Amino acid sequence: MTASTTEPSWPNEIHRILADADVRQVCYVPDAGHTRLIERCLTDQRMQSVRLTTEEEGVAMLGGAWLGGQRGALLMQSSGVGNCINMLGMTRECRFPLLILVTMRGEWGEFNPWQTAMGQGTQAALESVGVTVQRVDDASQVAETVDAAARLAFNSYQAVAVLIGQRVIGFKQFRK
Amino acid sequence: MVDRDITLQRRDVVARILRDRGETLVVTGLGSATWDVAAAGDDPRNFYLWGGMGGAAVMGLGLALAQPERRVLVITGDGEMLMALGSLATIAVAAPANLAICILDNERYGETGMQETHTAHAVDIVGMAAAAGFSATATVVGEAELEIQVPVLLETPGPVFVTVKVTADPVPLVLPPRDGTWLKHRFRGALLGDAAYE
């Protein structure tokens, strides 16, 4: 997919799913692919949105949210997954529910070679510390995948990451 | 690094603070701070980290946002906090009024052989927290200052950040339960009642 004149609907659908799942804390390190979802969460009075300096903060923060009786979601780009690995060991040891939504870089038509190592290692890195990975590469399947991941996370006390493929998001354009 | 003699003992400091805890929820950073809080008396409203270095303060943030009517106190060490200096900015911007962070600063990595941390070399974490935007900050060196800061930690609208300079003297190991899932359930049960298990 390349730049389109009509905006895709899946970011709005993710927001609706998070709201329906009673997600009350949303934390993020921004990614272009998450721009609209972040905007929608920031304007949703039911959600407390927290900007992080590094993604691992969100892993620990949402453990605290669960201790306090609230559900959360963590938004990041694939390069942020590498920042989280040790902290995800805590998620597993404590069996904290955790929903991570990862927008992918470094795979489908990537321009920036510095993104490829972490992007192509993202799934293996997550699985190495016990995170269940559910991947989606078709925009029409994003909503159902996030919905299923949220149910799995919060009902079965699992750490679940949805990898939203670069094919869904489109190439990042580097214009001179 | 301070230019006054450090005499406060970490176990005495933690016991003094927690004596007045009331309904405060406590999160501890891995290592010595976890042992110190356990030594002051186990409590279901304590959540002890045995890992996740750098996660204690932000775990307190998530808990504080979820429970705005309850005081949340994070007790951790200088080494653990130094690993997550960025989280000072995250917490200050989120600005939970009910969150306080207390650093037990012995200027050492206590669990790994007492190697020096950066606070032994003029790095001022309290200054960093103040610069990030914490609304109340202090460095405690003596008992009189501690008495002033105990109610700040437990009551003053925050986020609050207090460093207590403590000696590097060895203390006996006091280990709380270490099964994270069990600690989670115990904490949620104490806080949320039956809703913890829905």
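No experiment lies behind these values; they were computed from the predicted model shown. Every chain is numbered from 1 and lettered A, B, ... according to where its sequence line falls, protein lines coming before strand lines. Computed over heavy atoms, backbone and side chain alike; hydrogens, waters and symmetry mates excluded.
For the set B:Val27, B:Thr90, B:Leu49, B:Asp179, the entry with the most heavy-atom pairs within less than 4.5 Å of chain A is B:Thr90. Interface check for chain A: of the options B:Leu191, B:Val93, B:Leu65, B:Leu192, the most heavy-atom pairs under 4.5 Å are formed by B:Leu65. Contact tally against chain B (heavy-atom pairs below 4.5 Å) for A:Ala65, A:Cys94, A:Ala60: the top residue is A:Cys94. Ranked by heavy-atom pairs under 4.5 Å with chain A, the first of B:Ala66, B:Gly60, B:Gly86 is B:Ala66. Taking chain B as the reference chain and counting heavy-atom pairs below 4.5 Å, the highest number among A:Glu56, A:Gln48, A:Met90 is found for A:Gln48. Each of A:Leu52, A:Thr54, A:Leu67, A:Asn86 has some count of heavy-atom pairs under 4.5 Å with chain B, and the biggest count is that of A:Leu67.
The CD atom of B:Glu143 lies 10.5 Å from the CD atom of B:Glu145; values are rounded to the nearest 0.5 Å.
A:Ser49 places none of its side-chain heavy atoms less than 4.5 Å from the side chain of A:Cys27. At least one side-chain heavy atom of B:Leu175 sits under 4.5 Å from a side-chain heavy atom of B:Trp35. Residues B:Asn46 and B:Pro176 fail the side-chain proximity criterion, which asks for heavy atoms closer than 4.5 Å. A heavy-atom distance below 4.5 Å is found between the side chains of A:Ile14 and A:Ile164.
The part of B:Arg178 that comes within reach of chain A is its backbone (N, CA, C, O), which places non-hydrogen atoms under 4.5 angstrom from that chain. A:Arg95 touches chain B through backbone and side chain together, each having a heavy atom under 4.5 Å away. Interface remark: A:Gln25 contributes side-chain atoms only to the contact with chain B (heavy atom separation under 4.5 Å).
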Verdict with reasoning, A:Asp147 to A:Arg151, per salt bridge (Lys or Arg N to Asp or Glu O under 4.0 Å): CA-CA 6 Å; A:Asp147 183 50; A:Arg151 292 172 192 274; 3.1 Å; yes
Stepwise side chain to side chain donor-acceptor pair (under 3.5 Å) check, A:Arg36 with A:Asn12: CA-CA 7 Å; A:Arg36 193 135 51 88; A:Asn12 297 0; 2.7 Å; yes
